Amino acid sequence: MYKQFVPCLLVLSLSACQVNQSAPQDPTAQPTTASTSTEHQQLQSYIDRAWQLRVDASPDLAYSNGNKQAAGKLVDLSPESLANMDTKELKLLNELKQLDTSKLNKEDKINAQILQYQLQNSVDQYHYKEHYLPISSESGFHAYIASIAKGRFNTQEDYQNYIAKLKALPTYFAQQTYWLKLGLASGITAPKVTLNGFEDSISAFIVPVEESGYFAPFTHYPKHFSKQEKQQLTEQGKDLVANTVMPTYQAFFDFMTKEYIPGARTTIGASTLPDGREYYENRVRYFTTLNMTADEVHELGLKEVKRIRAEMQAVIDKVGFEGDFAAFLKFLRTDPQFYPKTPLELLEYASYIAKKADAILPKYFGKLPRKPYGIQEVPLEIAPKYTTGRYSGSNRDDEPGYYWVNTYALDKRPLYEMEALTLHEAVPGHHLQISLNQELTSLPNFRRYSYISAFGEGWGLYSEHLGLEAGFYKDPYSNFGRLTYEMWRAARLVVDTGMHAKGWSRQQALDFMANNTALSMHNVTTEIDRYITWPGQALSYKIGELTIKRLRHKAEQALGEKFNIRAFHDAVLANGSVPMELLEQQIDDFIAEQAAK
C-alpha cells in the first residue's frame, strides 16, 4: 500500500497532504505533443485552475511553489474554507464536462479524463461528508500532523515557521474536532468496534516535554546558531510544547474517550450511513476506476478465492504436511521458526530481499527511476494498529522514498510473507512505479503528483506475481506466503463488499479472512478494521492486478515473438497513474506500435 495523496480539503490526515507536495519547477508543464486548438487552451485553463485550487488549499504546496508567507501555516479546514473549495471545484468540474474532447489530441484527452476523475472524487468526498471522518482504525490527523517536527531546520526562519505551526495546532485540532462532533450528531462516525485502543495513539503524544517529538527540533541546532539564539529557541520550544501542544492533545484525548468513542456508531457497514448504499457504490466505482457494482466485485472475489485456494492446497501437498488446511494455517501462525526474534532481524531480512529485487530490475524494465529508497520501521506511536508494511514516498530531490516495515508484535510478522511484501512496497512495486511517475516531467502536476489506487495497488500486486518469473519464492513456505498475500487481496473483494453492501458482521469478515489466508490473527483484525473505516479502497488491488495481467496476456497473444517484457512494463508505466480504461487504450496503442515494427 502507498501512503497516498488525499485532496487537502477533505484530508483524513495532514501528512497525506504533506507527503506529496513538493512541486516540480513548472506547474504548467505540458506534453510537447499538445495541440494548440481552442479546446486545448480551454483544457489548459482548467488544469491551471485545478492546480491552483490544490495549491491554495495546502500551505506546504503553496510554499513549495514560492509563497514564503505560507511556510508557517497549517491547512485551513474550517467550514467556510471547505465549502468555498467545494463550490469552486464543482463549478470547474461542470465546465470541464462541457468541453468538446473530440477535438483534443490523445495526450489532452488523457489529461481531461484524469482531471475529471480527480475533481469528481473531491466533489463526491465532500458530498458524502468524508471530512467528518479525519480518523481511521489505524490512526488519524493527531498522529500525522506530528510530521511537522521532521522538516528542515537550517535557519532562524525555519524555526520561526515551525513555532508558528505549533501555535496553530489548537486551531487545527479544533477544526478537526468540529467535524468529528458533526459526525456524532449525524451518525457519520468511525464504528466503535474499530476504535478499541485508539486512545493509545493519542496518549503516546502526551509525554514529558523532553520526550516529545515536537520538542526534538529544539534539542539540536545548526552550528552557525549562536548560544543566545539556541537558548531563546529552546525556552520558547519548551513553553509551546508544555503549554500549547500537550494541552491540545490532552483535550483531544478527553473528547475521544468521553464523547466520541462512547457515542460512535455500533454498525460497521457503509450502507448504514446516511445515503450509505449510494455512497458505497460510488466508492466501488472510484477505487476500481471501472463501472462495476458491489455485487459484481463480490462474485469476482469468490471466484478468485476458489482458484487461489486450490494453488495453496498444492503447496501444502508439496511440503507433505499431514493435516487439513486449517491445521496448516495454525502451524504457520504458531511455529517460532517462521518469526523474527528482533526488530533488526526483520529489517535486515527485508533489506536483503530488497537488494535481490534491485538486481532483477534491468531484466524486466528498460527505464528505471533515479531516486533510491531506504527501509524504516513504522513509527512506534502508530505501529500497534498499523498495517504490516507500506511505501512512503517523497517528492523532494534530496530525499529518498521509504519502505516501511512494521516491527511491532514480532510474533505476528511471519518471514514467509516478506518476499511478497517487499516486492509490492519497494521494487518493482510502489517505489519504482511512483518514482518513475514523478520523473515524467512532460506531465502536468496534477498527474505527476497524484495516485490512482487501482493502478498503483494493482501494480504492486502484479509485482508480487512478477517475482515468480524472477526467481523468488524458491522456498515453498515463501510461495505460500505469496499465495496468502494474493488470497488476502482476493478475500478483500469478498469481505469489503460483504460488510459494506451485504450486511456482513465484523466477525463474519474476520472468519472469512482467517479461514482463507495465513495472515496472523493480529493482521487479520487490523486489516478488517482498516476496510471498515476505509470503504472500497481494498477493492483496488485485485481489480487492478487482474486488469494488468489481462492486458499482458492480450499483448503476448497479439505480438507473439515480438512481445518484449521490458517494453511492455515500460508501456504500462509510461503515462504514470491512470484509470484502468485509459491503461487499456495505452496497451492497445503499444500493441499496434510493436506490431508495426
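Computed from a predicted model, the values in this text were never measured in an experiment.
Taking E259 as the reference, nothing meets the side-chain hydrogen bond (donor to acceptor under 3.5 Å, both in side chains) condition, with sequence neighbours excluded. Checked against salt bridge (Lys or Arg N to Asp or Glu O under 4.0 Å), K91 has the following partners two or more places apart in sequence or in another chain: E95. Among residues two or more places apart in sequence or in another chain, the side-chain hydrogen bond (donor to acceptor under 3.5 Å, both in side chains) test is passed with E199 by none. For T171, the side chain to side chain contact (heavy atoms under 4.5 Å, CB included) partners are Q175, not counting sequence neighbours. The side chain to side chain contact (heavy atoms under 4.5 Å, CB included) test applied to Q120 returns L93, K97, D124, not counting sequence neighbours. Here Y402 pairs with nothing under the side-chain hydrogen bond (donor to acceptor under 3.5 Å, both in side chains) rule; sequence neighbours left out. When the ring pair (Phe, Tyr, Trp, His ring centres under 6.0 Å) test is applied to Y249, the partners found at least two apart in sequence or on another chain are F173, F205, Y214. Listed by chain and residue number, D529 satisfy the salt bridge (Lys or Arg N to Asp or Glu O under 4.0 Å) test with R506 (two or more places apart in sequence, or in another chain). Listed by chain and residue number, nothing satisfies the side-chain hydrogen bond (donor to acceptor under 3.5 Å, both in side chains) test with S505 (two or more places apart in sequence, or in another chain).
F480 and F328 have their aromatic ring centers within a separation under 6.0 angstrom.
Side chains of N437 and Q433: a donor-acceptor N/O pair is absent below 3.5 angstrom, by distance only. In this model, no donor atom of one side chain and acceptor atom of the other lie less than 3.5 Å apart for Q537 and R283. Residues N282 and R277 have side chains that never bring a donor and an acceptor to within less than 3.5 angstrom of each other. With no hydrogens or angles considered, a side-chain donor-acceptor pair links D254 and Q250 at under 3.5 Å.
Within the structure, salt bridge (charged side-chain N to carboxylate O under 4.0 Å, His left out) pairs that include any residue of residues 405-415 do not occur (at least two apart or interchain). Identified under the side-chain hydrogen bond (donor to acceptor under 3.5 Å, both in side chains) test for residues 266-275, with sequence neighbours left out: R265-T267, R265-T272, T267-T272.
Salt bridge E527/R492: present, at least one basic N to carboxylate O contact under 4.0 Å.
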Identify every side-chain donor-acceptor pair in residues 494-504 under 3.5 Å, counting partners at least two apart or on other chains, and give the distances.
unit_1: D496; atom_1: OD1; unit_2: Y280; atom_2: OH; d: 2.5
unit_1: D496; atom_1: OD1; unit_2: G536; atom_2: N; d: 3.2
unit_1: T497; atom_1: OG1; unit_2: H298; atom_2: ND1; d: 2.8
unit_1: T497; atom_1: OG1; unit_2: L493; atom_2: O; d: 2.5
unit_1: T497; atom_1: OG1; unit_2: V494; atom_2: O; d: 3.2
unit_1: H500; atom_1: ND1; unit_2: A270; atom_2: N; d: 2.8
unit_1: H500; atom_1: NE2; unit_2: Y531; atom_2: O; d: 2.9
unit_1: K502; atom_1: NZ; unit_2: D295; atom_2: OD1; d: 2.8

